[in-house]
Chemist: 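This is the structure, below, for whatever I ask next.
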Amino acid sequence: MSSLEGKVALVTGGSRSLGKSVALTLAARGADVLITYRSAKGEADETVSEIRDLGRRAVALSVDLSGESAGELVTAVAAALGESFDGAKLDFLINNAGINSQVPFSKVSLDELNKVFQVNYAAPFMLTQGLLPHMADGGRIVYIGSGTGRFVVPTMSAYGPLKAAVETLARYVAAEVGPRNMTANAVSPGMLDTAFNKEGMESHPEVTDYITGMTALNRLGKPDDVCGVIAFLCSPEAKFVTGQRIEVSGGIYL
Ligand SMILES: NC(=O)c1ccc[n+]([C@@H]2O[C@H](COP(=O)([O-])OP(=O)(O)OC[C@H]3O[C@@H](n4cnc5c(N)ncnc54)[C@H](OP(=O)(O)O)[C@@H]3O)[C@@H](O)[C@H]2O)c1
């Protein structure tokens with residue numbers, strides 16, 4: 001795949017798991033990377049240091065996207081581009097930060113629903129809107145959807161439909177940014193073996209077994225299974241791929 005040298009990426013939630021894997025993959029292919037995180041400063045600093053070890057520039061910005069803070073993040077990204085990236089524009093926006101929600105439908109509170117909406121839908125929407133003026137023509141936007149946008153997991157009624165909404169947002173944004181030769185796509189993992197699922201995997205190992213059994217490749221996903229597809233969407237080879245939902249789930253619920 002062609003080099004991404006000279007490009008600048010923003011990966012939200014880049015401190016660990018899938019976001020970290022994407023940040024390191026883009027850096028390994030030549031891109032400089034800004035990551036965001038909520039509170040895990042140690043993990044964010046470690047990711048920055050690993051990106052710098054690859055010879056790329058890196059900065060970590062802390063923001064809690066569960067409030068209405070996307071605007072603050074846009075301001076911080078614009079300042080960081082000026083201070084640490086020679087005033088470059090962003091080439092890649094990877095809307096990865098997200099939270100899990102596993103509550104039976106009858107018990108989902110409005111607070112829970114609002115929290116999931118803020119982090120998993122409103123933040124990517126408002127970040128995209130705010131960052132577009134700071135993005136280079138020809139740029140790439142990737143949203144992280146979910147298998148649960150396609151199939152039903154009973155305890156994920158607050159989460160799955162909003163991931164489906166993010167996947168649809170990718171199509172709307174693709175139409176919006178096409179005239180600037182930019183693309184927007186959604187990459188949708190199945191169940192990943194990350195901190196995101198730790199609690200559920202520990203308390204309900206039978207669910208993990210069930211999901212594995214329903215997956216053609218017969219295992220959970222790892223960040224490494226997904227990050228290359230996201231990097232591909234940032235590559236010159238993917239210049240004509242836009243408005244798509246690409247499921248990277250090992251073939252779950254086929
Ligand atoms: N894991 C799965 O099975 C799975 C399946 C399908 C889709 N996805 C999606 O894939 C994406 C990444 O998942 P993951 O498994 O890598 O998750 P993860 O291990 O929980 O990492 C989440 C990342 O997002 C950040 N973050 C969480 N809440 C935030 C908030 N309120 N404000 C700002 N940043 C916040 C975290 O920062 P801190 O570390 O500082 O908290 C961390 O960097 C998410 O969009 C998720 O919905 C995951």
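Just follow the structure's listing: the first ligand is 1, and inside any ligand the first atom is 1.
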Chemist: What protein heavy atom sits nearest atom 43 (O) of ligand 1, and how far away is it?
Modeler: S15 OG, 2.7 Å

Chemist: Name the closest protein heavy atom to atom 21 (O) of ligand 1, giving the residue it belongs to and the distance to 0.1 Å.
Modeler: R16 NE, 3.3 Å

Chemist: Does ligand 1 come near enough to S146 that some N or O of the ligand is less than 3.5 Å from an N or O of the residue?
Modeler: no

Chemist: Can R180 and D137 be counted as an ion pair, charged N to O under 4.0 angstrom?
Modeler: yes

Chemist: Would one find an N or O of R38, backbone or side chain, under 3.5 Å from an N or O of ligand 1?
Modeler: yes

Chemist: Looking only at distance, does P189 have an N or O less than 3.5 Å from an N or O of ligand 1?
Modeler: no

Chemist: Give the residue and atom name of whichever protein heavy atom lies nearest to atom 33 (C) of ligand 1, and the separation in Å to one decimal.
Modeler: V63 O, 3.1 Å

Chemist: Counting from 1, what ligand 1 atoms have a heavy atom of M191 closer than 4.0 Å?
Modeler: 3 (O)

Chemist: When you measure from atom 6 (C) of ligand 1 to each heavy atom in G190, G19, S188, which option holds the nearest one?
Modeler: G190

Chemist: Hey, does the side chain of S109 reach the backbone of E112 with a donor-acceptor pair shorter than 3.5 angstrom?
Modeler: yes

Chemist: So that I can tick it off, tell me whether K20 and E50 are bridged by a salt bridge, with the cut-off set at under 4.0 angstrom between side-chain N and carboxylate O.
Modeler: yes

Chemist: Quick one: look up the protein heavy atom nearest atom 13 (O) of ligand 1 and list residue, atom name and how far away it is.
Modeler: F196 CD1, 4.0 Å

Chemist: Quick check against the 3.5 Å criterion: does R29 have a side-chain atom that pairs as donor or acceptor with the backbone of L4?
Modeler: no

Chemist: Note the single closest protein heavy atom to atom 19 (O) of ligand 1, along with its residue, its atom name and the distance in Å.
Modeler: S17 OG, 2.6 Å

Chemist: Please confirm whether L18 comes within less than 3.5 Å of ligand 1 when only nitrogen or oxygen atoms on both sides are compared.
Modeler: yes

Chemist: Can you find a non-hydrogen atom of G145 under 4.0 Å from ligand 1?
Modeler: yes

Chemist: Quick one: nearest non-hydrogen protein atom to atom 25 (C) of ligand 1, plus distance?
Modeler: G13 CA, 3.8 Å

Chemist: Can you check whether V8's main-chain N or O pairs, donor with acceptor, with D91's side chain at less than 3.5 Å?
Modeler: yes

Chemist: With a cut-off of 4.0 Å, which atoms of ligand 1 are near a heavy atom of S66?
Modeler: 31 (N)

Chemist: Are the side chain of R245 and the backbone N or O of G149 linked by a donor-acceptor pair below 3.5 Å?
Modeler: no

Chemist: Run the numbers for me: atoms of ligand 1, each under 4.0 Å from some heavy atom of V119, listed by number.
Modeler: 31 (N)

Chemist: Closest non-hydrogen protein atom to atom 2 (C) of ligand 1, residue and atom name please, with distance?
Modeler: N197 ND2, 3.4 Å

Chemist: So for ligand 1, is K163 a polar contact partner (N or O within less than 3.5 Å, distance only)?
Modeler: yes

Chemist: Report, as yes or no, whether the 6.0 Å neighbourhood of atom CZ on F196 holds more than 12 heavy atoms from other residues, nucleotides or ligands.
Modeler: yes

Chemist: Which residue owns the protein heavy atom closest to atom 8 (N) of ligand 1, what's the atom, and how far is it?
Modeler: Y159 OH, 3.5 Å

Chemist: Should the heavy atoms of other residues, nucleotides or ligands under 6.0 Å from OH of Y172 be counted, would the total exceed 12?
Modeler: no

Chemist: Who gets closest to atom 44 (C) of ligand 1 by heavy atom: V187, N96, L162, I144?
Modeler: N96

Chemist: Check the pair T194 / R16 against side chain to side chain contact (heavy atoms under 4.5 Å, CB included), numbers first and verdict last.
Modeler: CA-CA 9 Å; T194 66; R16 64 167 191 246; over 6 Å; no

Chemist: For the pair N96 (side chain) and T12 (backbone), establish whether a donor and an acceptor sit closer than 3.5 Å, ignoring hydrogens and angles.
Modeler: yes

Chemist: Can a donor-acceptor pair be found, under 3.5 Å and without considering hydrogens, that links the side chain of S69 to the backbone of D64?
Modeler: yes

Chemist: Determine the minimum heavy-atom distance between N218 and G213, stating which atoms define it.
Modeler: OD1-CA, 4.2 Å

Chemist: Using heavy-atom distances, let me know which of L192, D193, D64, T194 sits nearest atom 15 (O) of ligand 1.
Modeler: T194

Chemist: Using the side-chain hydrogen bond (donor to acceptor under 3.5 Å, both in side chains) rule, pick out the option among K163, E247, E167 that qualifies with S188.
Modeler: E167

Chemist: Provide the number and element of each atom of ligand 1 under 4.0 Å from a heavy atom of A97.
Modeler: 24 (O), 34 (N), 45 (O)

Chemist: Taking only heavy atoms of L65, which atoms of ligand 1 are found under 4.0 Å from at least one of them?
Modeler: 30 (C), 31 (N), 32 (N), 33 (C)

